[in-house]
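Positions are given from 1 along the sequence.
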Amino acid sequence: MHIMRLDYRDTAIWALLAVLIGLITGVLDAVFGRILLAVSSFRSDHFYYLIPFLALAGLATVYIYQRFGKRANKGMGLVFSIANQSDETIPRRLIPIAMLTTWLTHLFGGSAGREGVAIQIGASVANYLGDLAKVKNRHIMVMVGMAAGFSGLFQTPLAATLFAAEVIVAGSIYYQAILPALIASLVAAQTSHFLGLEKFSIAVSKLPTLNLLIIIKLVVIGIAFGLTGFIFSWLLGKTKARLSTLLPNPYLKIAVGSVILSVLFVVFDHGRYSGLGTNLISTTFSGGPIFAWDFIIKLLLTILTLSIGFQGGEVTPLFAIGATLGMVLGTLMGLPLIFVAALGYAAVFAAATNTFFAPLLIGCEVFGFSLLPYLFITISVSYALNFNHSIYTTQKIRQIQKPDH
């Protein structure tokens, strides 16, 4: 009985801290997100004036991390390390550094996401408050912060909760973290929404009748989404390692890579593939022109941007890659295009992050819960075909012990 009381006491403390974590993270996410959207809009309006300075933005990014970063240089690796119960701490300087360098990436045309920063913001806040409150289970606090960061940015609290609970160790869920993570996620989402950060959502109503033929088609497109997510995560890891070997000097690496990127962004449809990829997502779901090669070029340019040292994240570009690929597959399979684009939005994210429940829920929270059975089939296939690769290289894989004979 004494142990049970201690467990409930810990849960109560986590829940109370979760409210504060959600409030602070929601405010920071709103500031970060709204400035990022303004920066992205400014870049779109002045693309040709800004893209020549991408290399300078890259050099500034490296300098900021080299001069001021210290342990913050590890970024998401540091967050995952603490979530895996290391004794490290997250320096508070990580928050302004990650924000500033991500704004630089997007202002000057790099192709990257934003969730990495949001997760680091939440984890930093949670780590600091957990230390102040002398919470012993710091890894739980960090997961709560990760959930708050994700939810405050995307305003998908259910998906954010499961993402934080399942992404640390693939194949395992930290059930202890679910309740405080959910509280923090709900508070962060409401806070950032109150402060003017809008949620992307669209109701997908044109759904095919679920029969054997549709199930077969869902399996086929699930295979394509799974392999795409695998290729993204595998190629990202390989490219980072290869470029670090070829160009060990980080300044030289980002300078040379930025010059190449600047040319490619101009050549490939004048900045269509710069930034988050929200332009491609909006075009997809508004019936605009999507080309068969959009997902490939966005995939490659995002990998190159992140591999040479720019900051941001991978998730929003993954949403764009999945949605645009879905348009192509929908045409080939004779299925409603918006329907398949919505499935791709979630399923490529599942394969690239090696998570199952978070993508399932993000698909429901963004496109409606009527999509659930179709998402379940498609994501089951895409998740199974990522070969245990993840964009988060420090993610651990649960080892299943073989029974003794």
*List the steps and the verdict of ring-ring contact (aromatic ring centres under 6.0 Å, His included) for Phe42 and Phe47.*
CA-CA 8 Å; Phe42 185 81; Phe47 175 74; over 10 Å; no

*Worked verdict on Phe150 versus Thr156 for side-chain contact (heavy atoms from CB on, under 4.5 Å)*: CA-CA 8 Å; Phe150 193 102; Thr156 53; 3.7 Å; yes

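- Checked options Ile290, Thr283, Asp294; the residue passing with Met327 is Ile290 (criterion: side-chain contact (heavy atoms from CB on, under 4.5 Å)).
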*Test log, rule side-chain contact (heavy atoms from CB on, under 4.5 Å), inputs Leu276 and Leu36*: CA-CA 10 Å; Leu276 293 164; Leu36 182 60; 4.3 Å; yes

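- At least one donor-acceptor pair under 3.5 Å links the side chain of Ser192 to the backbone N or O of Gly152.
- Judged purely by distance below 3.5 Å, without hydrogens or angles, the side chains of Tyr273 and Asn279 never pair a donor atom with an acceptor atom.
- Counting only heavy atoms from C-beta outward, the side chains of Leu210 and Leu218 approach each other to under 4.5 Å.
- Atom CD1 of Ile82 is separated from atom CZ of Arg138 by 5.0 Å, given to the nearest 0.5 angstrom.
- No side-chain donor-acceptor contact under 3.5 Å links His193 to the backbone of Thr191.
- Looking only at distances, a side-chain donor or acceptor of Ser151 sits under 3.5 Å from a matching main-chain atom of Ser185.
- One side chain, Thr89 or Arg71, offers a donor N or O that lies under 3.5 Å from an acceptor on the other.
- Looking at heavy atoms from C-beta onward, Leu129 lies in side-chain contact with Ile24 at the 4.5 angstrom threshold.
- For Ser124 (side chain) and Gln120 (main-chain N/O), a donor-acceptor pair under 3.5 Å exists by modelled atom type.
- Atom CG of Leu195 sits about 10.5 Å away from atom CG of Asp29, to the nearest 0.5 Å.
- Two residues are said to be in side-chain contact when any heavy atoms from C-beta on lie closer than 4.5 Å; Phe154 and Val315 meet this criterion.
- Nearest approach of Phe230 to Asn386, heavy atoms of both residues: CD1-O, 3.4 Å.
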*Please walk me through it: do Leu162 and Phe356 pass side-chain contact (heavy atoms from CB on, under 4.5 Å)?*
CA-CA 9 Å; Leu162 268 297; Phe356 179 83; over 6 Å; no

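- Counting heavy atoms from C-beta on, the side chains of Pro91 and Leu78 come closer than 4.5 Å.
- Shown here is Tyr175, whose OH atom has no more than 12 heavy atoms of other residues, nucleotides or ligands within 6.0 Å.
- Rounding to the nearest 0.5 Å places CZ of Arg114 at 6.5 Å from OG1 of Thr278.
- Between Tyr49 and His46, the ring-plane angle classifies as tilted under the 30° and 60° cut-offs.
- Taking OG from Ser262 and CZ from Phe53, the interatomic distance works out to 10.5 Å, rounded to the nearest 0.5 Å.
- Checking side-chain atoms of Ser201 against main-chain N and O of Val366 turns up no donor-acceptor pair under 3.5 Å.
- Here the straight-line distance linking atom CG of Leu236 with atom OH of Tyr392 works out to 11.0 Å at 0.5 Å rounding.
- Looking at heavy atoms from C-beta onward, Leu28 lies in side-chain contact with Met99 at the 4.5 angstrom threshold.
- Side-chain atoms of Lys298 and Ser111 include a donor-acceptor pair closer than 3.5 Å.
- If you check the side chains of Ser81 and Lys74, you find no donor sitting under 3.5 Å from an acceptor.
- Within the 4.5 Å cutoff, no side-chain heavy atoms of Ser258 are placed close to those of Phe108.
- Of the candidates Ile13, Leu17, Asp131, Met141 forms a side-chain contact (heavy atoms from CB on, under 4.5 Å) with just one, namely Leu17.
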*Would you please test Phe357 and Tyr383 for ring-ring contact (aromatic ring centres under 6.0 Å, His included) and show each step?*
CA-CA 10 Å; Phe357 292 104; Tyr383 175 74; 8.6 Å; no

*Might you work through the side-chain contact (heavy atoms from CB on, under 4.5 Å) test for Leu54 and Phe310, ending with a clear yes or no?*
CA-CA 10 Å; Leu54 182 61; Phe310 281 102; 3.6 Å; yes

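- In this structure a side-chain-to-backbone donor-acceptor pair under 3.5 Å is missing from Asp269 to Arg272.
- At least one side-chain heavy atom of Cys364 sits under 4.5 Å from a side-chain heavy atom of Leu375.
- In Phe376, the CZ atom is not crowded: 12 or fewer heavy atoms of neighbouring residues, nucleotides or ligands sit closer than 6.0 Å.
- For the pair Tyr65 (side chain) and Lys70 (backbone), a donor-acceptor distance under 3.5 Å is absent.
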*Dump the intermediate steps for side-chain hydrogen bond (donor to acceptor under 3.5 Å, both in side chains) on Tyr174 and His139, then the final yes or no.*
CA-CA 10 Å; Tyr174 282 88; His139 63 293; 5.8 Å; no

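- Using a 4.5 Å heavy-atom cutoff, the side chains of Asn84 and Val169 are in contact.
- In this structure, Glu166 CD and Ile178 CD1 are separated by 9.5 Å, a value rounded to the nearest 0.5 Å.
- Under the side-chain contact (heavy atoms from CB on, under 4.5 Å) rule, Ile168 has a single partner from Lys396, Met146, Gln85, which is Met146.
- Checking side-chain atoms of Glu365 against main-chain N and O of Leu158 turns up a donor-acceptor pair under 3.5 Å.
- The backbone N or O of Ala347 sits less than 3.5 Å from a side-chain atom of Ser382, completing a donor-acceptor pair.
- Of the possible polar contacts, one joining the Gln155 side chain to the Leu197 backbone as a donor-acceptor pair under 3.5 Å is found.
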For residues 336-345, which side-chain donor-acceptor pairs fall under 3.5 Å, sequence neighbours excluded?
none

